[in-house]
Engineer: 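The structure that follows is given in the form of structure tokens.
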Protein chains: 2
Amino acid sequence: MKKLYEGKAKIVYENDDDTYIIKFKDDVTAFDAIKKANISEKGRINLEITSIVFELLEKNNIKTHFIKKLSENSMLVKKAKRLDVEVVVRNKAAGSLCKRLGIKESTELNPPLVELFYKSDELHDPLICIEHVKLLNLCSEEDVSIMKQTALKVNDILKAFFDNINIELIDFKLEFGKTKEGDIILIDEISPDSCRLWDKTTKEKLDKDRFRFDLGDLKEGYLKILNSIRSS
Amino acid sequence: MKKLYEGKAKIVYENDDDTYIIKFKDDVTAFDAIKKANISEKGRINLEITSIVFELLEKNNIKTHFIKKLSENSMLVKKAKRLDVEVVVRNKAAGSLCKRLGIKESTELNPPLVELFYKSDELHDPLICIEHVKLLNLCSEEDVSIMKQTALKVNDILKAFFDNINIELIDFKLEFGKTKEGDIILIDEISPDSCRLWDKTTKEKLDKDRFRFDLGDLKEGYLKILNSIRSS
């Protein structure tokens, strides 16, 4: 298979005219890949969670690139041209937001805060506003409006989904792509690599912050999420 | 006089119920005050330029806090509660924008780019979008809209003004305040400390970048601007 793109946690392969195959790696990186590790089964767990979440979203009329799982660590997806705008939705303050604006961790954000970032490893994914999207010609204003609305719908669906298994959705990052038909669909993954998820009772962090800040075994946190999903 | 606030380049003193007195210092700082110097007459020159520019703006129906010069380095201004949102207008890419978004210096920005920053020394004045203004409750959405519109009007006036004396207005920062009547007016200063100004013919940088990047004598650049204004 022809490798099209290799990211920090996934590889995208060419497949046929309409699809790609995405392989989930066991690599985990943080702080612009300054901190790195390889954690066995991480790829498998993240793919499993991503599949379940994308299927849930599809059932709720959110279009995603997900077609089906092909193996333990690979999935078949619909081709879509990636838009270089990442959309972050935050229900409570955490991570870069706290540092950037001096907001205390876990401050309630109501309405949820929607932020845009320019997807560029070289520039370390800087925060951008709608004016920068236009300046850099990343996509149209209408595209941004669709992405933001979709992100808020995804937030409603996932907040309820995780709440039901006693997990709080603190924030998450979405990536979008445009199909050849011109539809904007969710791409990439939705996993504990891209979401902050806290145990509602114990407040234990179950997501990638475990790795970033040495809060505990990464796989243990990810498996807690997957097992809670499975047993619901 | 009671000192109300001391910034890096100016001091604000209480005066009467309706006014403050602002003293321009000869201090110059850059990179969050890591680089510092005292340059004789800088205060006088910046106050002179600020007075001329504010009078020009007033003539063009832009409300400012400027009332009159009181001395070589102090001015009387109308009281206004500072809004903690700085508005930057950019006609060409320079400074932090180039670094942040990987844009080549002097790239034409058409339409001009308007950016908002959260005025906070502690947080190093981070870039913010309208969503952050609302989250931090810095001012209303309508206030932001007035500030942006005013900033673009100021840009038109100042671009023409400097163009006429063979200087190019690359970018500038504005601060706003709210009077007790509820009007949003321009406050602070407009000087080579807050504007990037390049000689149109030689492309020589005449503003604070001379100090930031050791491009030449600061006072010489500032005086070139003032003398060009005076002889026009």
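Chain A is the first sequence line, chain B the second, and so forth, proteins listed ahead of strands; every chain is numbered from 1. Hydrogens, waters and symmetry mates play no part in the numbers below; they use all other heavy atoms, side chains included.
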Engineer: Select all residues of residues 130-139 of chain B having any heavy atom within less than 4.5 Å of some heavy atom of chain A, and report them by number, or 'none'.
Structural biologist: E131(B), H132(B), L135(B), L136(B)
Engineer: So, using ring pair (Phe, Tyr, Trp, His ring centres under 6.0 Å) as the criterion, who are the partners of F54(A) when residues are at least two apart?
Structural biologist: H65(A)
Engineer: Please list, chain by chain and in numerical order, all residues satisfying salt bridge (Lys or Arg N to Asp or Glu O under 4.0 Å) with K42(A), sequence neighbours excluded.
Structural biologist: D193(A)
Engineer: Does E142(B) CD have over 12 foreign heavy atoms under 6.0 Å away?
Structural biologist: no
Engineer: Is the count of non-hydrogen atoms from other residues, nucleotides or ligands lying under 6.0 Å from K203(B) atom NZ greater than 12?
Structural biologist: yes
Engineer: Counting heavy-atom pairs under 4.5 Å to chain A, which of E115(B), H124(B), K99(B) comes out on top?
Structural biologist: E115(B)
Engineer: Show me the donor-acceptor pairs, under 3.5 Å and distance only, between side chains in residues 79-89 of chain A and residues at least two apart or in other chains.
Structural biologist:
| residue | atom | partner | partner atom | Å |
| --- | --- | --- | --- | --- |
| K79(A) | NZ | E14(A) | OE1 | 3.4 |
| K79(A) | NZ | D16(A) | O | 3.4 |
| K79(A) | NZ | D17(A) | O | 3.4 |
| R82(A) | NE | D84(A) | OD1 | 3.1 |
| R82(A) | NH2 | D84(A) | OD1 | 2.8 |
| E86(A) | OE2 | K119(A) | NZ | 3.3 |

Engineer: In terms of heavy-atom pairs under 4.5 Å with chain A, which of L113(B), L101(B), L116(B) leads?
Structural biologist: L101(B)
Engineer: If I take atom CG from residue L127(B) and atom SG from residue C129(A), how far apart are they, to the nearest 0.5 angstrom?
Structural biologist: 4.5 Å
Engineer: Assess whether atom NZ of K92(B) is packed by more than 12 heavy atoms of other residues, nucleotides or ligands within 6.0 Å.
Structural biologist: yes
Engineer: If you count every heavy atom of other residues, nucleotides or ligands that lies below 6.0 Å from K36(A) atom NZ, does the total exceed 12?
Structural biologist: no
